[in-house]
Amino acid sequence: QVELIESGGGTVQAGGSVRLSCLANGRTFSNNAMGWFRQAPGKDHQFVAAINWIGDRTYYADSVKGRFTISRDNTKKRVYLQMDALKPEDTDLYYCGINRWGEAGPLTFIRNLEVWGQGTLVTVTS
């Protein structure tokens, strides 16, 4: 069993940066794709970014390409999301997740989630 713990959220002005971190407590996840998705109240989950099991392929939602960077450190059981050039529309609850497969992109990451965390709130003010 694995527990995901997100951290790093907060309030930032538009144009600023935030770095989210996700720690996986429990079994190893080094064979699984990991990523981030977000959800606003009353709305569906929205894919943000994913990284494959070895960390050499990444996938991004069109809305965050060029601004967000996902990375992972399997030795530390962590996945990160560097969020730059933030916009007010990036305000959301961000969740970390583990996919059941070693590779997952925008169309499959959320559909094949095994575990996800409690989320961390990012608020971007204008």
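None of the values given here were measured: they were computed from a predicted structure.
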Side-chain donor/acceptor of Glu6 to backbone N/O of Thr120, under 3.5 Å: no

Shortest non-hydrogen contact between Ser126 and Ala14, atoms and distance: CA-CB, 4.4 Å

Exam field: side chain Asn99 to backbone Phe109, donor-acceptor pair closer than 3.5 Å: yes

Single-linkage hydrophobic cluster, 4.5 Å side-chain cutoff, Val115 and Ile70 together: yes

Name of the residue among Trp36, Phe37, Trp116, Phe47 meeting ring-ring contact (aromatic ring centres under 6.0 Å, His included) with Tyr95: Phe37

Distance, nearest 0.5 Å, that separates CG of Asn31 from CZ of Arg100: 14.0 Å

Side-chain heavy atoms of Leu93 within contact of Gln39, under 4.5 Å: no

Any Leu81 side-chain heavy atom under 4.5 Å of Val48 side chain: yes

Asn32 vs Glu114 side-chain heavy atoms within contact, under 4.5 Å: yes

Validation row: Leu113, Ile98 side chains within 4.5 angstrom (heavy atoms): no

Verdict with reasoning, Cys96 to Val79, per side chain to side chain contact (heavy atoms under 4.5 Å, CB included): CA-CA 8 Å; Cys96 169; Val79 63; 3.6 Å; yes

same_hphob_cluster(Ile110, Trp101) at 4.5 Å side-chain heavy-atom cutoff: no

Asp44, CG atom: more than 12 neighbouring heavy atoms under 6.0 Å: no

Tyr80 side chain reached by Met34 side chain, heavy atoms, under 4.5 Å: no

Side-chain (Lys77) to main-chain (Gly26) donor-acceptor, under 3.5 angstrom: yes

Residue pair Thr69, Tyr60: steps toward the side chain to side chain contact (heavy atoms under 4.5 Å, CB included) verdict: CA-CA 8 Å; Thr69 304; Tyr60 297 96; 3.9 Å; yes

For the student: nearest non-hydrogen atoms of Ala24 and Leu4, plus distance: CB-CD2, 3.6 Å

Shortest non-hydrogen separation from Arg67 to Asp90 and the atoms involved: NH1-OD2, 2.7 Å

Test item: Asn52 side-chain N/O and Gly55 main-chain N/O as donor-acceptor pair under 3.5 Å: yes

Chi angles and distances behind the side chain to side chain contact (heavy atoms under 4.5 Å, CB included) call for Leu20, Val122: CA-CA 9 Å; Leu20 305 184; Val122 175; 3.9 Å; yes

Over all atoms of both residues, closest heavy-atom pair of Leu23 and Lys76: CD1-O, 3.7 Å

Hydrophobic cluster identity match, Met83 and Val64, side-chain contacts under 4.5 Å: yes

Asp92/Lys43 salt bridge by N-O under 4.0 Å criterion: no

Smallest separation among heavy atoms of Asp62 and Lys65, with atom names: OD1-NZ, 3.2 Å

From OG1 (Thr75) to CG (Asp73), nearest 0.5 Å: 3.5 Å

Glu89 CD: over 12 foreign heavy atoms closer than 6.0 Å: yes

Atom pair OG (Ser71) and CD1 (Ile51), whose distance is rounded to the nearest 0.5 Å: 6.0 Å

Validation row: Leu86, Val18 side chains within 4.5 angstrom (heavy atoms): yes

Where Gln82 and Ser17 come nearest, the two heavy atoms and their spacing: NE2-CB, 3.9 Å

Verdict with reasoning, Asn74 to Phe29, per side chain to side chain contact (heavy atoms under 4.5 Å, CB included): CA-CA 8 Å; Asn74 288 347; Phe29 67 99; 3.9 Å; yes

Within-4.5 Å side-chain heavy-atom neighbours: Arg72 and Arg78: no

pair Thr125-Val12: side-chain heavy atoms closer than 4.5 Å: no

